[in-house]
Amino acid sequence: SASLIDLQTYYVSKDGSDTNSGLNIGEPKLTITSAISAASAESGEHTIQVLDDGIYDEQITLTPGLSLFAPFATIAGQIIMGINNHVKVDKHYRPTTSSVSNNTLLLCSYSTSSGSSSYYEANLVDTREIDGTDFVNQTAIKLAPSPLWKSDLHVKIGILRLGEGGRGLTNEGTSFNTLYFDINNIELHDVNGKGIYTGTSDTFGAQYIGKIGKILSYSGIGDTGIFI
């Protein structure tokens, strides 16, 4: 059975400090990045829990088995997931203070394990910045493992909002991956948006399994709900 240290929770709050241990609610970390560093130094599967509804403008890379639970918080930054990660946030935007690798807001990238699954849930995902500033050809969510690894990504989103040339859900690589999705609304707010994009780089053709409530186009020019 797992020991207590294998199931540790690290707390984060805008009232915290990165000099704190983060191991109890009264001594939270200030940044998610610092909490991840602390959790990664210990063996086992741990949880980062954000206590407030603050805005966290950070680049977040989750180590294997690590979960991020921030149901009231806004993340303004790229999240990179890997092996057996769980993420739950309120809102997720493009960062305002840093660039985004691969032009992707949530990048699920496996490199050392086959048959892994990760989970992502958000009420709102927007490829633009919080103030609406747009960047062309941004991708909201991409599953991109190393070649020949078979991986699954499970996604649950309230509203998926795309800017100009934006892509919602896509796979990249040479693996038989599966993207499971449950999306209430996909909103295409500018030209050439694509809600689900199988893409020319999806060599073997990943499986896309799920449901979408509505796909709404606000420009009507070059927008495609599902691009095959």
Side-chain angles (χ1 to χ4, degrees), residues 9-18 20 22 25 28-40 46-109 118-135 138-144 153-163 166-170 179 181-187 189:
T9 298
Y10 292 82
Y11 298 96
V12 177
S13 169
K14 286 298 180 182
D15 295 326
S17 170
D18 283 343
N20 289 342
I25 293 177
K29 294 280 191 182
L30 175 63
T31 64
I32 296 171
T33 303
S34 179
I36 291 173
S37 295
S40 300
H46 307 300
T47 298
I48 308 299
Q49 182 169 343
V50 179
L51 299 171
D52 57 20
D53 61 355
I55 298 173
Y56 291 82
D57 194 333
E58 303 182 42
Q59 300 294 90
I60 298 169
T61 300
L62 298 176
T63 52
L66 188 61
S67 297
L68 172 61
F69 186 69
F72 311 111
T74 296
I75 305 298
Q78 184 180 49
I79 298 176
I80 298 177
M81 303 171 68
I83 301 169
N84 297 329
N85 295 131
H86 293 69
V87 172
K88 182 174 183 178
V89 301
D90 182 23
K91 302 178 181 69
H92 191 182
Y93 293 91
R94 193 183 193 281
T96 58
T97 60
S98 57
S99 61
V100 176
S101 63
N102 295 294
N103 294 325
T104 301
L105 202 56
L106 176 75
L107 180 63
C108 192
S109 179
S118 284
Y119 300 81
Y120 172 85
E121 182 177 350
N123 291 320
L124 170 66
V125 178
D126 195 329
T127 59
R128 305 169 300 177
E129 294 182 1
I130 291 177
D131 65 1
T133 300
D134 199 0
F135 291 80
Q138 302 296 299
T139 297
I141 297 168
K142 179 186 291 185
L143 176 56
L153 175 61
H154 301 251
V155 173
K156 184 176 182 181
I157 299 173
I159 298 174
L160 176 55
R161 188 173 292 160
L162 307 177
R167 298 173 181 177
L169 233 63
T170 189
L179 290 93
F181 58 90
D182 182 350
I183 304 172
N184 288 343
N185 290 340
I186 296 179
E187 299 180 356
H189 277 262

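Keep in mind that the numbers below use all heavy atoms, side chains included, and drop hydrogens, waters and symmetry copies. Quick note: residue numbers are just sequence positions, from 1.
- Side chains of Asp53 and Asp90 form no contact here, defined as non-hydrogen atoms less than 4.5 Å apart.
- Leu153 CG to Leu106 CG: the interatomic distance, rounded to the nearest 0.5 Å, is 6.5 Å.
- A donor atom on one side chain and an acceptor atom on the other are found under 3.5 Å apart for Glu58 and Thr33.
- Here the closest heavy-atom approach between residue Ser118 and residue Ile83 is recorded as OG-C, 4.1 Å.
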Should Leu62 and Ile80 be marked as a side chain to side chain contact (heavy atoms under 4.5 Å, CB included) after you check the CA-CA gap, both sets of side-chain angles, and the distance that decides it? CA-CA 6 Å; Leu62 298 176; Ile80 298 177; over 6 Å; no
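- Taking Thr96 as the reference, Asp57, Glu129 meet the side chain to side chain contact (heavy atoms under 4.5 Å, CB included) condition, with sequence neighbours excluded.
- Between Arg94 and Phe135 the shortest side-chain heavy-atom distance falls below 4.5 Å.
- Inter-residue side-chain proximity for Thr47 and Tyr10 is flagged as unmet; no heavy-atom pair is nearer than 4.5 Å.
- The backbone N or O of Gly22 lies less than 3.5 Å from no partner atom in the side chain of Asn20, so there is not a single donor-acceptor pair.
- Residues Glu187 and Ile159 are in side-chain contact: their nearest non-hydrogen atoms beyond the backbone lie under 4.5 Å apart.
- Pro95 has its side chain within reach of Gln59: a pair of non-hydrogen atoms, C-beta onward, lies under 4.5 Å apart.
- Leu107 CG to Asn102 CG: the interatomic distance, rounded to the nearest 0.5 Å, is 5.5 Å.
- Closest non-hydrogen pair, Tyr56 versus Asp52, comes out as OH-OD1, 2.9 Å.
- Listed here is the closest heavy atom pair of Gly82 and Cys108: O-SG, 4.3 Å.
- Under the 3.5 Å distance criterion, the side-chain polar atoms of Lys29 are left unmatched by any main-chain donor or acceptor of Tyr11.
- The two residues Leu51 and Pro28 have their closest heavy-atom pair at CD1-CB, 4.4 Å.
- In this structure, CD1 in Ile157 is found 10.0 Å from CG in Asn184, a value given to the nearest 0.5 Å.
- Residue pairs satisfying the side chain to side chain donor-acceptor pair (under 3.5 Å) criterion with at least one member in residues 63-76, sequence neighbours excluded, are listed as follows: Ser40-Thr63.
- Judged by distance alone, the side chain of Thr31 and the main-chain N or O of Ser34 form a donor-acceptor pair under 3.5 Å.
- The environment of Lys14 atom NZ is dense: over 12 non-hydrogen atoms of other residues, nucleotides or ligands sit within 6.0 angstrom.
- Rounding to the nearest 0.5 Å places CD1 of Ile141 at 6.0 Å from CG of Leu160.
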How far apart are the C-alpha atoms of Ile55 and Ile130, what are their side-chain angles, what is the distance that settles it, and do they pass the side chain to side chain contact (heavy atoms under 4.5 Å, CB included) test? CA-CA 10 Å; Ile55 298 173; Ile130 291 177; 3.8 Å; yes
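- For the residue pair His86 and Tyr120, no side-chain donor N or O sits within less than 3.5 Å of a side-chain acceptor on the partner.
- Residues Ile48 and Val12 have side chains in contact (heavy-atom distance under 4.5 Å, counting atoms from C-beta outward).
- Remark: of the listed residues Asp131, Thr127, Leu124, Ile75, Leu124 is the sole one forming a side chain to side chain contact (heavy atoms under 4.5 Å, CB included) with Tyr93.
- Distance check: Lys88 NZ to Gln49 CD gives 11.0 Å after rounding to the nearest 0.5 Å.
- Ile79 and His92 make their closest contact through CD1-CE1, 3.6 Å (heavy atoms, listed as atom of the first residue, atom of the second, distance).
- Side-chain contact between Thr9 and Phe69 is absent, with no heavy atoms from C-beta onward closer than 4.5 Å.
- Rounding to the nearest 0.5 Å gives a distance of 9.5 Å between CG of Asp134 and CG of Leu162.
- Note on ring orientation: taking the six-membered ring where Trp is involved, the planes of His154 and Tyr119 are parallel (angle under 30°, cut-offs 30° and 60°).
- There is no side-chain donor-acceptor pair under 3.5 Å between Gln78 and Thr104.
- For the pair Asn85 (side chain) and Leu66 (backbone), a donor-acceptor distance under 3.5 Å is present.
- You'll find the side chain of Ile32 reaches within 4.5 Å of the side chain of Leu68, heavy atoms only.
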